Novice: 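The structure under discussion is supplied below as structure tokens; questions concerning it will follow.
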Amino acid sequence: MVNNKKSFFEKVYKVVNKIPYGKVSTYGAIANCLGRKGSARMVGWAMNASHSMESIIPAHRVVNRNGMLTGKHHFFSPERMQSMLEQEGITIKEDKIINFKLHFWDPSIELNQ
DNA sequence: TGATTGACCAACT
DNA sequence: CAGTTGGCCAATC
């Protein structure tokens, strides 16, 4: 019925935009949800591109599998990412999220609804 | 146009 | 346990 051949970036943006407040997700989970397992790197690429785009992507809610803010340095300001996450009630120590599992949000949840 | 890289993950050695 | 490799798609050189 419609266009199911959109680029990865579009799908990534869609999912990341659906991440609820106070929740975080991972590159692998998003990529896996989109049907590509090894495309986790592409998710990161999409985030990098999101800077240049006018699209507002809560990239600060996307971290790696370990809950570590690997991409914080790619933000407008590295400290900004941590501040935003802490603002949402997430505790961060040494650039990694504490109780990451509790804050983890599975993209398939939104897609399944 | 081919080769390399890029905010990753998982499996294998 | 640590290092290497394969995988995926897109952008850059």
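Computed from heavy atoms alone, side chains included, the values below leave out hydrogens, waters and symmetry copies. As the structure is a computational prediction, the values presented were derived from the model and not from experiment. Proteins come first, then strands; the chains are lettered A, B, ... in the order of their sequence lines, and each starts at number 1.
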Novice: Taking only side-chain N and O atoms of A/Thr70, does any of them lie within less than 4.0 angstrom of OP1 or OP2 on B/dC8?
Specialist: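 Yes, A/Thr70 has a side-chain N/O under 4.0 Å of OP1/OP2 on B/dC8.
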
Novice: Sub-3.5 Å donor-acceptor pair from the side chain of A/Asn66 to the main-chain atoms of A/Met68, do we have one?
Specialist: no

Novice: Under 4.0 angstrom, heavy atoms only, what part of the nucleic acid is A/Asn64 near: base, sugar-phosphate, or nothing?
Specialist: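 Sugar-phosphate contact only - A/Asn64 comes under 4.0 Å of backbone atoms but never of a base.
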
Novice: What nucleotide, of C/dA10, B/dA10, B/dG6, holds the atom closest to the side chain of A/Arg65?
Specialist: B/dA10

Novice: Is there a donor and acceptor pair, one atom on the side chain of A/His51 and one on the base of B/dA7, closer than 3.5 Å?
Specialist: yes

Novice: Expressed in angstrom and rounded to an integer, what is the separation of A/Lys11 atom NZ from C/dC9 atom P?
Specialist: 9 Å

Novice: A/His73 NE2 to B/dC8 P: how many Å, rounded?
Specialist: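 Atom NE2 in A/His73 sits about 13 Å away from atom P in B/dC8.
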
Novice: A/Arg61 has an atom CZ; how far is it from atom C1' of B/dA7, in whole Å?
Specialist: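 Value for this atom pair: 18 Å.
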
Novice: Could you check how far CE of A/Met42 sits from P of C/dA11, rounded to whole Å?
Specialist: 9 Å

Novice: Which heavy atom of A/Tyr13 sits nearest a heavy atom of A/Ala46, and at what distance?
Specialist: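 Smallest heavy-atom distance, with atoms named: OH-O, 3.1 Å.
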
Novice: Report the residue from A/Ile19, A/Val16, A/Val62 that forms a side-chain contact (heavy atoms from CB on, under 4.5 Å) with A/Ile57.
Specialist: A/Val16

Novice: Tell me the interatomic distance from A/Phe100, atom CZ, to B/dC9, atom C1', rounded to whole angstroms.
Specialist: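 The answer, rounded to whole Å, is 13 Å.
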
Novice: Output the rounded distance in Å from CZ (A/Phe9) to P (B/dA7).
Specialist: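 In whole Å, B/dA7 P and A/Phe9 CZ are 12 Å from each other.
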
Novice: How would you label the contact of A/Arg36 with the nucleic acid (heavy atoms, under 4.0 Å): base, sugar-phosphate, or nothing?
Specialist: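 A/Arg36: backbone/sugar contact only, no base atoms under 4.0 Å.
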
Novice: Could you tell me the separation between the CE atom of A/Met53 and the C1' atom of C/dA10, rounded to a whole number of Å?
Specialist: 13 Å

Novice: What is the distance, rounded to the nearest whole Å, between atom CG of A/Asn66 and atom P of B/dC9?
Specialist: 7 Å

Novice: On DNA chain C, check which nucleotide each of A/Ala40 and A/Trp45 is closest to and give me the residue with the more 5' one.
Specialist: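 The residue mapped nearer the 5' terminus is A/Ala40.
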
Novice: Please report the distance separating the P of B/dT4 from the corresponding atom of C/dT5, rounded so that it comes out in whole Å.
Specialist: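 Looking at atom P only, B/dT4 and C/dT5 are 14 Å apart.
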
Novice: Could you check whether any side-chain N or O of A/Asn99 sits under 3.5 Å from a backbone N or O of A/Leu102, counting only pairs where one atom can act as donor and the other as acceptor?
Specialist: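 Checked: no pair found.
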
Novice: Take atom P in B/dT1 and the same atom in C/dC8, then report the distance between them in whole Å.
Specialist: 23 Å

Novice: Assign A/Phe75 to base, sugar-phosphate, or nothing according to its heavy-atom contacts below 4.0 angstrom with the strands shown.
Specialist: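 If one applies the 4.0 Å heavy-atom cut-off, A/Phe75 turns out to touch a base.
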
Novice: Got a salt bridge between A/Lys23 and A/Glu88, using NZ or NE/NH1/NH2 to carboxylate O under 4.0 Å?
Specialist: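 No, no charged N to carboxylate O under 4.0 Å.
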
Novice: Please report the distance separating the P of B/dA3 from the corresponding atom of C/dG6, rounded so that it comes out in whole Å.
Specialist: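 Result for the P pair: 16 Å, nearest Å.
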
Novice: For the base of C/dC8, is there a side-chain donor-acceptor partner from A/Arg41 under 3.5 Å away?
Specialist: yes

Novice: Between B/dT5 and C/dT4, how far apart are the P atoms? Round to whole Å, please.
Specialist: 15 Å

